[in-house]
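Below is one structure, written out as structure tokens, with a few remarks after it.
In what follows, chains carry the letters A, B, and so on, assigned in the order in which the sequence lines appear, proteins first and then strands, with residues in each chain numbered from 1.
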Amino acid sequence: MINALRGMKDITFEESKRFIYIIETASKIAQNYGYGYIETPILEETKLFKRSVGESSDIVGKEMYQFIDKGENDVCMRPEGTAGVVRAFVQAKLDRVQNQKHRFYYYGAMFRYEKPQKGRLREFHQFGCESFGESSVYEDFTIISMIGEIFKALGIKYKLKINSLGCVECMPTYKESLINFLTPIKEELCNDCQRRIDTNPIRVLDCKNPHCQELITDSPKLTFNLCSSCDSDFEKLKSLLNSANVNYEIDTNLVRGLDYYNKTAFEFVSDEIGSQSAIAGGGRYDRLVEFLDGKSTPAVGFALGIERIWELVKMPISTREGYYFGAMNQEGVEILLALAQKTRLTQKVSVEYAPKKLQAHLKNADKANAQYLLFLGEDELKEGKVWIKNLETKEETIRLMEDF
RNA sequence: GUGGACGUAGUUCAGUUGGUAGAGCACCUGUUUGUGGCACAGGUUGUCGCGGGUUCGAGCCCCGUCGUCCACCCCA
């Protein structure tokens with residue numbers, strides 16, 4: 001027997017219903033916020049991710065499905081969605097027209113070569129949005145509100161964490177003061193953090209090691225070292241969230257794992273799904289378009305993990321639907337085939353090809369969760385009629401076949 | 001990449017100090033002629049993850065391997 005690859009899953013039955021429900025709900029809301037659908041390739045040039053996600057990240061450093069294709073191209077299965085959308089944005093030269101807003105939503109499979117566990121798969125699915133050309137913090141607020149609305153529609157409880165990562169103005173000086181703080185205590189930090197001081201000191205902030213967290217309690221805080229523009233934007237964001245009654249907490253140690261974020265960073269977490277608690281994450285990435293050879297364009301976006309939330313989704317109560325067709329003999333079955341084709345123009349119909357007595361059909365129809373059983377017995381066949389039972393109300397009717 | 005737990009019927013699981021497998025659910029067929037969900041009766045279902053080893057004999061012990069789950073890490 002051939003099984004699916006490790007960390008990759010087939011999505012069927014209940015799960016596929018949830019999958020579709022999540023996508024449809026999120027898409028509808030995104031459309032209402034002005035987002036249009038974009039589909040980008042799963043396979044991209046490896047350097048796209050190296051330049052966008054960043055070589056210092058674990059994702060690029062050790063988790064990419066990377067290989068050389070038959071044309072000797074260094075390619076990679078996308079580990080996240082933003083890079084591809086930005087590449088598409090630049091490729092379509094949408095960056096050339098300044099002051100234009102472009103908003104895209106997408107969903108699809110992402111790939112990371114990790115050790116699977118609860119909420120962490122090698123092939124997983126994200127729904128995401130990317131907004132280009134809008135530098136106003138109102139857009140940050142709006143996108144956070146939108147995610148809140150999506151989770152509300154899906155019946156998911158969450159906590160929102162926000163932070164500001166500063167910009168080219170304030171980040172370098174902050175980074176410097178952080179390094180100055182960390183260097184004297186370097187020996188006491190964990191091995192990973194010692195390495196991070198050189199590669200990406202900001203990442204020390206979200207180290208999970210309790211001892212490291214203790215050591216950095218009094219470290220300089222990003223939010224107290226913002227330049228005036230970043231500071232006023234962050235203040236504005238907080239006041240917008242306050243007046244919209246959105247609960248949030250400021251997490252000065254919230255550092256997104258991808259290198260391209262600046263200014264607003266946020267994460268939605270759930271405490272009901274195990275240790276992989278991030279259900280959505282995103283932020284502003286004003287420099288990424290430029291990194292990918294486009295003209296400087298402000299942008300903000302997010303992604304949510306479908307597998308992370310699908311056990312939390314409150315599905316609408318499923319009701320009986322459609323018809324189950326069954327007959328008592330072969331001749332009847334063949335008549336039903338023709339009838340089903342006609343009925344399927346407007347209704348969901350399943351036909352049982354095996355002739356059975358009424359009781360068996362009733363059982364089957366019930367199990368198939370059909371709303372109606374349409375039965376063609378010997379009597380009906382003679383009279384050119386069909387017998388229909390509403391399995392919910394138990395109401396029975398007999399109708400001429402041509403009237404049905 | 002590191003650590004831990006676990007792989008027995010479609011499924012959830014049991015299986016005593018080693019003696020070649022069992023239960024519930026599900027499924028199929030009935031319960032007198034054409035009325036579902038309930039009940040009852042009967043029935044089907046297994047390379048006991050895979051490969052070695054120990055043994056007269058292994059689901060059980062040993063080694064390896066693959067897989068699942070969980071945690072670390074990372075992140076959606």
Whole-angstrom distance between [N] and [M], as gauged at atom [atom1]:
| N | M | atom1 | result |
| --- | --- | --- | --- |
| B:C56 | B:G18 | C1' | 12 Å |
| B:A58 | B:G49 | C1' | 16 Å |
| B:U32 | B:U44 | C1' | 26 Å |
| B:C72 | B:A14 | P | 27 Å |
| B:C69 | B:U8 | P | 14 Å |

Numerically ordered, the residues 2-22 of chain A set in heavy-atom contact under 4.0 Å with RNA chain B is A:Arg6, A:Gly7, A:Lys9
Under 4.0 Å between a side-chain N/O of [X] and OP1 or OP2 of [N], yes or no?
| X | N | answer |
| --- | --- | --- |
| A:Lys357 | B:U35 | no |
| A:Lys389 | B:G37 | no |
| A:Gln359 | B:G34 | no |
| A:Ser275 | B:C72 | yes |

Strand partner of B:A41, provided both Watson-Crick or wobble distances fall under 3.5 Å
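Pairing partner: B:U29.
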Just name whichever nucleotide pairs with B:C69, Watson-Crick or G-U, keeping both distances under 3.5 Å, else none.
B:G4
Nearest of [options] to any side-chain atom of [X]?
| X | options | result |
| --- | --- | --- |
| A:Phe124 | B:G34, B:C27, B:A76 | B:A76 |
| A:Lys115 | B:U2, B:C70, B:G34 | B:U2 |
| A:Asp366 | B:G36, B:A76, B:G34 | B:G36 |

Would you indicate what A:Glu396 reaches in the nucleic acid, counting non-hydrogen atoms under 4.0 angstrom: base, sugar-phosphate, or nothing?
base
Using a heavy-atom cut-off of under 4.0 Å over every strand shown, decide if A:Ile273 touches base, sugar-phosphate, or nothing.
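The residue A:Ile273 makes no contact with any strand.
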For B:A76, does the base pair up with any side-chain atom of A:Arg112 as donor and acceptor (N or O, under 3.5 Å, distance only)?
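Such a pair exists between side chain and base.
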